[in-house]
Structure formats: C-alpha cells, structure tokens
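Step one of this worksheet: look at the structure below.
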Amino acid sequence: MDYLVLDISTSAQVGIEDSPYLSWACKKGAKTPEEAYSKAGLHAEYGMVCGLSAFWVKFKIKNDEVLSYEVEPAMTSTCITLEREEETLRELLRLIYGKQVIFVGQNSKKFIIPFLAKRLLSYGFKIPEQIYSAIHSGSIDIMEELACGGVSVMSLRSSAWLLGINDPRSSMRVPDFYELCNRGQTKEIEIFTETNARVAAAVFGNCVLGNLIKL
C-alpha cells in the first residue's frame, strides 16, 4: 500500500466576477466584492487549487512492528490560471495511476479530498478509484486522528509542536492566496504548500510510530 500525504492551497477562480458567486456571498454577509472574492477559495464551485504538494511516506516494518519511516517528494505545483490547475490535476492522476493509494492529510476528509474531487469533475475528469475510495471509505485525516477520540481540533502547527516537529511555515489564510495569485507570486504559494505537506508527512509518520495510526 502507498501512503500519499497531500496538501492544497486554494484561491478564487480566475474570472470569478462572471460567476454567480458575488450575489451568493453577499447573501451570506460579505460587505464588498473584494471581501467576497478573497474567501471564494473555500468553495470548490468558485475556487481553484492554486498550490498542490504531495509526499510519499514509506515505512520500514519488521515482525509487524513499524521501525522507521522515510518521506519522499512526489509532486509540487502552483497554479494561477485554470489551464495550469487542469494540468496539475492531470499530473496528480498520472501520479496515482495503477497504484493502491491511501491519501493522508490535515483535514483531508472534509476539505482536501472533496475539493479535489469537485475540481476534477469541473474539468470533465472521471473520479479515479483511489479518490472514490477516499470519499466513501475515508482517507487518513491527521486532524481527526490526533483528536484521540476527543472533540479537540488541532491545527497542523499545534500537532507539529506536540510531536516536536520543526514547522517553519508562515501563517497564511485563503484570502492571502487570493492576493498572491493576483500579484503572480507563485513562489510564496509553492513554499507554503510544500512545507505544509512535508510537515503533515512528518506528523503522520510520528503518529504511526507512536501506534496512534495503524497501517
């Protein structure tokens, strides 16, 4: 089984001004178009993947005991056009083609996987079996696992702190990605998304070593 840790950054779609989003957002309380568009990346109908990074996590197992893990880069891509987003999604499909993949991520069940599935549909791609299984049978959600059966919701930064993992990321939110995309600052998006995925991979590996997550 292959474990793929994913992270995505999202922004409003290019050309969102021509969509029905503004009237919907105003009904939800947005005061200005800028305020509305800056948050559109939360919704796959009106948002797009502006950054995607993925890492394979491979485990060394002996006598059914996990001894160690390694993190290997799989892909990193930034997108400020819909054409580039489509190619990034195509690259993800090529990456997982023919593999038995279990997806892992921070808030993977309620955000990452659903967002990716909807964006794939928007381009006419068929949902691959691996993502179908993640939707219906579940991915490994780090945030959910580290609740340890409780009700607390831990951020990735908090999880890294708990486990003694270095987290060099800056703090960014969906509106920040909207501004970066408008300014064409892809490097900042790339660094944040890739570092996010790398930290998530380390958190996942440590949770497996600690026997919180069973392979």
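Computed from a predicted structure; not experimentally measured.
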Would you check if the side chain of N63 reaches a backbone N or O of E65 as a donor-acceptor pair within less than 3.5 Å? no
Give a yes or no on whether V5 and M154 share a hydrophobic cluster (residues Ile, Leu, Val, Met, Phe, Trp, Tyr; joining criterion: side-chain heavy atoms under 4.5 Å apart). yes
Path from V49 to I131 over hydrophobic side-chain contacts below 4.5 Å: yes
For E87, is there an ion pair with R84 - N to carboxylate O distance below 4.0 angstrom? no
Checking side-chain polar atoms at under 3.5 Å, does S9 have a donor or acceptor matched by the opposite partner on T193? yes
Pair E86, F125 - check side-chain contact (heavy atoms from CB on, under 4.5 Å), show working. CA-CA 10 Å; E86 181 178 4; F125 291 121; 4.0 Å; yes
Treat each ILVMFWY residue as a node, draw an edge where side-chain heavy atoms are under 4.5 Å apart, and state whether V101 and L215 are in one component. no
Partner set under side-chain hydrogen bond (donor to acceptor under 3.5 Å, both in side chains) for E72, not counting sequence neighbours: K58
Sorted by chain and residue number, the salt bridge (charged side-chain N to carboxylate O under 4.0 Å, His left out) partners of D167 (sequence neighbours excluded) come out as R157, R169
hydrophobic_cluster_shared for M1 and Y97, side chain cutoff 4.5 Å: no
Polar side-chain atom of Q130 near backbone of I96 as donor-acceptor pair, under 3.5 Å: yes
Any chance NZ of K110 has more than 12 other-residue heavy atoms, nucleotides or ligands included, within less than 6.0 Å? no
Go through the structure and list residues passing salt bridge (charged side-chain N to carboxylate O under 4.0 Å, His left out) with E188, not counting sequence neighbours. none
Could you walk me through whether Y123 and E85 satisfy the side chain to side chain donor-acceptor pair (under 3.5 Å) test, starting with their C-alpha distance in whole Å, then the side-chain angles of each, then the deciding distance to 0.1 Å, before giving a yes or no? CA-CA 10 Å; Y123 290 110; E85 183 197 27; 2.5 Å; yes
Is it true that E91 and R94 have a side-chain N and a carboxylate O under 4.0 angstrom from each other? no
